[in-house]
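If you read the sequence from its start, that first residue is 1, and numbering goes on from there.
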Amino acid sequence: MSQFKENLELNTLNHSCAHMMAQAIKRLYPGAKFWVGPVVDEGFYYDVDVPSGTITDEDIEAIEKEMKKCAKEAKKIVRREISKAEALEMFKDDEYKLDLISGLDDGNISIYTQGEFTDLCRGPHVDNTKLCKNFKLVKHSGAYWKGDAKNKVLQRIYGVCFPTPEELEAHLKELNEAKERDHRKIGKDLSLFMTDDLVGQGLPMFLPKGYTIWNELETYIREKEIRLGYQHVLTPCIGTVNLYKTSGHWDHYKENMFPAMEVDDETFVLRPMNCPHHMMIYANAPHSYRELPIRIAEIAHDFRYEASGALKGIERGRHFCQNDSHLFVTPDQIKDEFKSVVDLIFDVYKDFGITNYRCVLSLRDPSDKEKYHDDDEMWNTAEQALRDTLDSIGIEYTEEIGEAAFYGPKLDVNVKPAVGAEYTLSTCQLDFCLPAKFDLKYVDADGSKKTPVVLHRAILGSLDRFMAYILEETKGKLPTWLSPVQVKVLPLSDKYVDYSQKIYEKLLDEGIRAEIDTRDEKIGYKIREARLEKVPYMLVLGQKEEETGEVAVRSRFAGDEGAKNFDEFVKSIKEEINTKTIREEIPFEDRK
């Protein structure tokens, strides 16, 4: 949705609409004062200090109504330049504008006027307010003045504006789709995870059903890695500052770490990544070239001090669990091991039905070397090695400058979600730097000691972010193998609870995740509840099913699937689970 900032016409229109919103607010609340009203990725916003202190949904409706009046008035938007002294006099009763003006250079300052409303602004703006008629205010929240928690909370009102009503309608549909797919909403609706400020921002807690999904993902990727020769380890969530000084993270990544802790004359930090620990595991014993490649893997708990504004549910938190691994290889093993990592990425994507992605070769920015390990020869060698490897295995990719890790170039696999901007899900990084920093060695065939090359790789990225991605792609309708509840047993009435209990226990014995709903509710209500919970299968059990030993099957995929032999149903669902089948849903109008 960055179109608002990148498109000059749309940018100008939205900035003008922000002023029209401020004009409407000033009419409704004469004592209102304004801070800034910029165009942002999702449209525009204005920070406002209203006499009541808060803005309600009813206020938003009133503001929209007044904005429509402003648009119909078609007032000319006129630009003027005044001196700084004139500006200070004009806004002498507005502490927010005085603060802005005081930060400007001496000289003329531009202001824009439409009807009775005048505001500071660099512009540009559209010709008159009539052009801003296709708008919608989409949300509002509190925001500290200047982003400082010590300051007063202002009301931030967001809106969007388009040249035509059709474009506005299409955008609002996109916003609604994004809201329905938002993993935070899905997580709350399905009781998967929670957050609480008393625990801390960016520190999600997984509830039983969410942790079931998390465990399934962990088991899934661990089993794949074990078959490929990975050795799993467990390392501490903290390390000494000296560990990160040795790795170089302290110099290049300190601002993203939590503050250091002094304990028993040592200084520790919560770890933001796992490579230093894995370097030490490799260094724990001597190695021969015959042992390489050595593939160390871990589902590791990491902590990064993300800005509060960047936090987003389990997609981006301050605590997360990486599906991390470090491959220690000889130079002539780089190509085969890198290809193996890429094959694993695409094998996983196939299992999850992920098809909308692109591969990016992330390189150092040679004009801004301060944030990277200082070794031009290493960088040139590593970047060309990675480029040659990608070319040799036939991977299509684009190159992006400035996106490399501080210690080396990397391949990022960026997914394009159903809504929103693309982001990196999987990565594989080539590293000649850290093995040298930790003085890692192996004995080569000629008896000499050589330094291994390390491939850093994460297939699911973090389990948290991967879960968020899958929840949003499926709208919470997870494939059966990943669903926290795979079957819901629904007795028609109290008379059939005993039979339903037996079926429920048999399902558990077969390793199928099941629940039984024995509430004194009508069956239609129970079915609707199970559908809202996105349960793949429901077994409706009454007199006929008890007499025949069958189960009446309803599914999320096809609706009423009729009566089935219980053993046959178990066989079919276990096959679906074991093969990780992604069963397509038949549209309601096409169901029998």
Output all residues satisfying ring pair (Phe, Tyr, Trp, His ring centres under 6.0 Å) with F320, sequence neighbours left out; order by chain, then residue number. none
In terms of the angle between their ring planes, are Y357 and F346 parallel, tilted or perpendicular, with boundaries placed at 30° and 60°? parallel
Would you check, one step at a time, whether the test side chain to side chain contact (heavy atoms under 4.5 Å, CB included) holds for K133 with M67? CA-CA 8 Å; K133 64 182 179 180; M67 287 175 70; over 6 Å; no
Any chance you could measure L411, atom CG, to I395, atom CD1, to the nearest 0.5 Å? 7.5 Å
Interatomic distance, D196 atom CG to L203 atom CG [nearest 0.5 angstrom]: 10.5 Å
Please walk me through it: do F557 and Y537 pass ring-ring contact (aromatic ring centres under 6.0 Å, His included)? CA-CA 9 Å; F557 315 101; Y537 291 96; 5.6 Å; yes
Test of understanding: with side chain to side chain contact (heavy atoms under 4.5 Å, CB included), list the residues that count as partners of L492, not counting sequence neighbours. Y496, I523, V540
Check: L541 and I503 side chains under 4.5 Å, non-hydrogen atoms: yes
Walk me through it: do W214 and M467 pass the test side chain to side chain contact (heavy atoms under 4.5 Å, CB included)? CA-CA 7 Å; W214 200 97; M467 187 191 301; 3.8 Å; yes
Is it the case that the side chain of N14 and the backbone of L10 share a donor-acceptor pair, with hydrogens and angles ignored and the cut-off at 3.5 Å? yes
Who pairs with E422 by side-chain hydrogen bond (donor to acceptor under 3.5 Å, both in side chains), at least two apart in sequence or on another chain? R358, N414
For R583 against A558, the heavy-atom pair lying closest together: NH2-CB, 4.1 Å
In this structure, CG of D302 is separated from CG of N274 (nearest 0.5 Å) by 4.0 Å
P163 and L13, any side-chain heavy atoms less than 4.5 Å apart: yes
Just jot down the salt bridge (Lys or Arg N to Asp or Glu O under 4.0 Å) partners of R318, sequence neighbours excluded, or say none. none
Lys NZ or Arg CZ of K152 over W145 ring: under 6.0 Å, within 45°: no
Determine whether V348 and K224 make a side-chain contact, defined as any pair of heavy atoms from C-beta on separated by less than 4.5 Å. yes
Can you name the residues that form a side-chain hydrogen bond (donor to acceptor under 3.5 Å, both in side chains) with H278, not counting sequence neighbours? E298, H326
How about N323 and R457: do any of their side-chain heavy atoms sit closer than 4.5 Å? yes
Applying side chain to side chain contact (heavy atoms under 4.5 Å, CB included) to L28 and not counting sequence neighbours gives A62, I63, E66
K179: partners by salt bridge (Lys or Arg N to Asp or Glu O under 4.0 Å), with sequence neighbours left out: none
Which residues pass the salt bridge (Lys or Arg N to Asp or Glu O under 4.0 Å) test with R184, not counting sequence neighbours? D182
Salt-bridge criterion met for E561 and R554 (N-O under 4.0 Å): no
Given the side-chain rings of F44 and Y158, with only the six-membered ring counted for Trp, is the space between their centroids under 6.0 Å? no
List for me each residue that meets side-chain hydrogen bond (donor to acceptor under 3.5 Å, both in side chains) alongside S325, sequence neighbours excluded, and say none if there are none. none
Does a salt bridge link K136 with E64, judged by any charged N lying under 4.0 Å from a carboxylate O? yes
Taking C-beta and beyond as the side chain, do L471 and L192 meet within less than 4.5 Å on heavy atoms? yes
According to side-chain hydrogen bond (donor to acceptor under 3.5 Å, both in side chains), who are the partners of K574, at least two apart in sequence or on a separate chain? E510
Kindly compute the distance separating CZ (F466) from CD1 (I354), expressed to the nearest 0.5 Å. 4.0 Å
Mind checking whether K209 and L207 have side chains closer than 4.5 Å, heavy atoms only? no
To the nearest 0.5 Å, atom CG of D464 lies from atom CG of L460 at 10.5 Å
Does E576 have any salt bridge (Lys or Arg N to Asp or Glu O under 4.0 Å) partners at least two apart in sequence or in another chain, and if so, which? none
Quick test of your reading of the model: are K488 and E533 salt-bridged, counting only N-O distances below 4.0 Å? yes
Looking at every non-hydrogen atom in both residues, tell me the closest pair between V126 and T12 and how far apart they are. N-CG2, 3.7 Å
Looking at side-chain heavy atoms only, is the closest gap between F352 and L482 below 4.5 Å? yes
Sort and list the pairs that fulfil side chain to side chain donor-acceptor pair (under 3.5 Å) and have at least one residue in residues 466-475, not counting sequence neighbours. E177-K475, H183-E472
Go through F206 and I314 one step at a time and tell me if the side chain to side chain contact (heavy atoms under 4.5 Å, CB included) criterion holds. CA-CA 9 Å; F206 286 85; I314 59 173; 4.0 Å; yes
Can you list the steps and then say if I299 with I221 is a side chain to side chain contact (heavy atoms under 4.5 Å, CB included)? CA-CA 10 Å; I299 303 294; I221 195 63; 4.1 Å; yes
Distance (rounded to the nearest 0.5 Å) between L137 CG and Y46 OH: 14.0 Å
Are R156 and D47 within salt-bridge range, i.e. N to O under 4.0 Å? yes
So, E568 and K564, do they make that salt bridge, N to O below 4.0 Å? no
Testing the basics here: between L168 and N134, what is the closest heavy-atom pair and its distance to 0.1 Å? CD2-C, 3.6 Å
Can a salt bridge be assigned to the pair D412 and K410 using a cut-off of 4.0 Å between side-chain N and carboxylate O? yes
Can you find a pair of side-chain heavy atoms, one from Y423 and one from R465, that are under 4.5 Å apart? yes
Under a 3.5 Å distance rule, please check whether R181 uses its side chain to pair with a backbone N or O of I186 as donor and acceptor. no
